[in-house]
Enquirer: 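For reference, the structure I am asking about is given below.
Below, chains carry the letters A, B, ... as their sequence lines are ordered, and counting in each starts from 1.
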Amino acid sequence: MTYAPAMVLAVVGFLIILRHRQAVLLFMGVELLITAANWMALLAMTTNPSGPHTAIVVVFSIALAAAEATMGLSLVLRFAHRHRTTDVRAFEALNDKEE
Amino acid sequence: MNWLAIFYGATSALTIACGLGVLLSDRPLLSGYFLTGAMVGSGAIFGELHSPMLAGIQILVYGGGVLIMMMFVIMVTPYGNRAQPKSRLWAVTWLLSPVSGILAAISYPSTSRAILGRQLGRQLLLHQGLSLELLAILLLAALAGSLTIAMRRQEDNLP
């Protein structure tokens with residue numbers, strides 16, 4: 001019951017990934033999933049006596065998510081310039097040669 | 001149920017409503033605005049769970065960094081702001097977010113322990129020094145990598 005709202009947010013993030021085909025929106029879904037995971041982790045940690053020690057995981061998670069978003073969005077930018085779209089169905093081939 | 005639990009429930013409901021807004025809105029830019037709301041809301045939730053430092057980090061990193069970057073990607077690529085087919089599921093928002101908010105308010109952990117910045121800093125510097133250094137190197141590598149990837153080479157400009 002405690003984790004139910006965070007679970008709902010995680011499901012919403014997952015549905016965003018399933019519904020949309022635009023790369024930026026897929027990243028938004030991933031960020032929502034990570035946020036929901038952090039929420040659940042924090043709920044677990046605040047009720048645990050060793051909470052402050054394990055809360056470091058959330059700090060690392062936020063920093064890793066930032067690094068992932070930086071790399072991913074720069075890839076999206078690159079592909080958008082190359083394929084003139086941000087639809088992931090156009091990014092089937094990742095090789096560098098143009099047809 | 002005390003006031004903090006009610007605030008926690010209201011913030012949870014708003015955050016989930018913003019998440020559903022990202023899912024159901026028909027324009028990526030609007031989705032970006034909704035995501036900003038969801039991230040600020042989750043930062044507020046972290047604060048209500050007695051973790052002010054994590055709340056600050058969440059709002060600064062996501063609200064101030066990642067989301068600005070996403071908005072720029074949407075705006076720099078005009079084809080990234082193409083309208084999606086309109087969804088008819090907006091009614092779900094009116095049902096799901098209040099129910100989640102009530103669930104959150106009922107299950108609010110009132111006896112939770114505070115996680116303060118001082119404790120996090122001490123833990124990071126005294127016990128997780130190597131992890132902190134590795135994280136710094138990873139962030140630097142991500143910055144350099146993203147610059148290298150995003151830079152347009154001469155052959156990209158050829159017709």
Enquirer: Would you check if A:L64 and B:L135 make a side-chain contact, meaning some heavy-atom pair closer than 4.5 Å?
Expert: yes
Enquirer: Heavy-atom cut-off 4.5 Å, strictly under: side chain, backbone, both or neither for A:E31 against chain B?
Expert: both
Enquirer: Quick check on the hydrophobic clustering: are B:L60 and B:M53 connected, directly or via other members, by side-chain heavy-atom contacts under 4.5 Å?
Expert: no
Enquirer: Find the one option among A:L75, A:V12, A:L73, A:L77 whose heavy-atom pairs under 4.5 Å with chain B are most numerous.
Expert: A:L73
Enquirer: Taking C-beta and beyond as the side chain, do B:V73 and A:F27 meet within less than 4.5 Å on heavy atoms?
Expert: no
Enquirer: Can you tell me which portion of A:A69 sits under 4.5 Å from chain B's heavy atoms? Options are side chain, backbone, both or neither.
Expert: both
Enquirer: To the closest 0.5 Å, what do you measure between OG1 (A:T35) and CZ (B:F46)?
Expert: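 The CZ atom of B:F46 is 6.5 Å from OG1 of A:T35, to the nearest 0.5 Å.
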Enquirer: At what distance, to the nearest 0.5 angstrom, does CG of B:L23 lie from CZ of A:R19?
Expert: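 So the CG of B:L23 and the CZ of A:R19 are separated by 6.0 Å.
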Enquirer: Given A:V58 and B:I57, is the side chain to side chain contact (heavy atoms under 4.5 Å, CB included) satisfied, shown in steps?
Expert: CA-CA 10 Å; A:V58 178; B:I57 293 174; over 6 Å; no
Enquirer: Does the side chain of B:H127 come within less than 4.5 Å of A:I56's, by heavy atoms?
Expert: no
Enquirer: Which region of A:I34, side chain (C-beta onward) or backbone (N, CA, C, O), has a non-hydrogen atom less than 4.5 Å from a non-hydrogen atom of chain B, or is it both or neither?
Expert: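 Only the side chain of A:I34 comes within 4.5 Å of chain B.
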Enquirer: Given side chains that start at C-beta, do those of B:S100 and A:V8 come closer than 4.5 Å, heavy atoms only?
Expert: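 Sidechains of A:V8 and B:S100: in contact.
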Enquirer: Between NE2 of B:H50 and CG of A:L42, what distance do you get to the nearest 0.5 Å?
Expert: 10.5 Å
Enquirer: Would you check if A:F60 and B:L138 make a side-chain contact, meaning some heavy-atom pair closer than 4.5 Å?
Expert: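 A side-chain contact under 4.5 Å is absent here.
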Enquirer: Considering non-hydrogen atoms only, spot the tightest contact between A:A63 and B:L139 and give its length.
Expert: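 Residues A:A63 and B:L139, closest heavy atoms: O-CD2, 3.7 Å.
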Enquirer: For chain B, which of A:L9, A:I62, A:I17 has the most heavy-atom pairs under 4.5 Å?
Expert: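 The answer is A:I62.
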Enquirer: Do A:V24 and A:L26 sit in the same hydrophobic cluster, where Ile, Leu, Val, Met, Phe, Trp and Tyr count as joined when their side-chain heavy atoms come under 4.5 Å apart?
Expert: yes
Enquirer: For B:L67, is it the side chain, the backbone, both or neither that has a heavy atom under 4.5 Å from a heavy atom of chain A?
Expert: neither
Enquirer: Contact part of B:M39 toward chain A, heavy-atom cut-off under 4.5 Å: side chain, backbone, both or neither?
Expert: side chain
Enquirer: For the CE atom on B:M69, are there more than 12 heavy atoms of other groups (residues, nucleotides or ligands in this structure) within a distance under 6.0 Å?
Expert: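 Above 12, so yes.
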Enquirer: Measure B:S97 against the heavy atoms of chain A and call it side chain, backbone, both or neither at under 4.5 Å.
Expert: neither
Enquirer: Do B:V22 and A:H20 pass the side chain to side chain contact (heavy atoms under 4.5 Å, CB included) test, and can you show the C-alpha distance, the side-chain angles, and the key distance before you say yes or no?
Expert: CA-CA 10 Å; B:V22 179; A:H20 292 289; 5.9 Å; no
Enquirer: Taking every heavy-atom pair that is under 4.5 Å apart, which of B:A142, B:G32, B:G145 has the most such pairs with chain A?
Expert: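 Maximum pair count with chain A is reached by B:A142.
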Enquirer: Between B:L134 and B:V61, is there shared hydrophobic-cluster membership here, with clusters defined by ILVMFWY side-chain heavy atoms closer than 4.5 Å?
Expert: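 No; B:V61 is not reachable from B:L134 via cluster members.
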Enquirer: Nearest 0.5 Å please: distance from the CG atom of B:L35 over to the CE atom of A:M28.
Expert: 5.5 Å
Enquirer: Who wins among B:S107, B:G19, B:A141, B:P109 for the most heavy-atom pairs under 4.5 Å with chain A?
Expert: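 Among B:S107, B:G19, B:A141, B:P109, the one with the most close pairs to chain A is B:S107.
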Enquirer: Looking at side-chain heavy atoms only, is the closest gap between B:I16 and A:P5 below 4.5 Å?
Expert: yes
Enquirer: Would you check if B:S12 and A:W39 make a side-chain contact, meaning some heavy-atom pair closer than 4.5 Å?
Expert: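 The answer is yes, as the side chains (C-beta and beyond) meet within the 4.5 Å cut-off.
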Enquirer: Taking the side chain as every heavy atom from C-beta outward, state whether B:Y108 and A:L43 have any pair of such atoms under 4.5 Å apart.
Expert: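 They are not in side-chain contact.
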Enquirer: Would you mind checking which part of B:I45 comes under 4.5 Å of any heavy atom in chain A, side chain (CB onward), backbone (N, CA, C, O), both or neither?
Expert: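 Just the side chain, heavy atoms under 4.5 Å.
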Enquirer: Between atom CG of B:L54 and atom OG of A:S61, what is the distance when rounded to the nearest 0.5 Å?
Expert: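 Answer for the CG-OG pair, B:L54 versus A:S61, is 10.0 Å.
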Enquirer: Applying a strict under-4.5 Å side-chain criterion to I, L, V, M, F, W and Y, I'd like to know whether B:L124 and A:M45 cluster together.
Expert: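 Yes, B:L124 and A:M45 fall within the same hydrophobic cluster.
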Enquirer: Under a 4.5 Å heavy-atom cutoff, which of B:A38, B:S51, B:G65, B:S42 has the most pairs with chain A?
Expert: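 Option with the top pair count is B:S51.
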Enquirer: Has A:M7 got more than 12 heavy atoms of other residues, nucleotides or ligands less than 6.0 Å from its CE?
Expert: no
Enquirer: Are A:L32 and B:L30 linked, directly or through intermediate hydrophobic residues, by side-chain heavy-atom contacts shorter than 4.5 Å (ILVMFWY only)?
Expert: yes
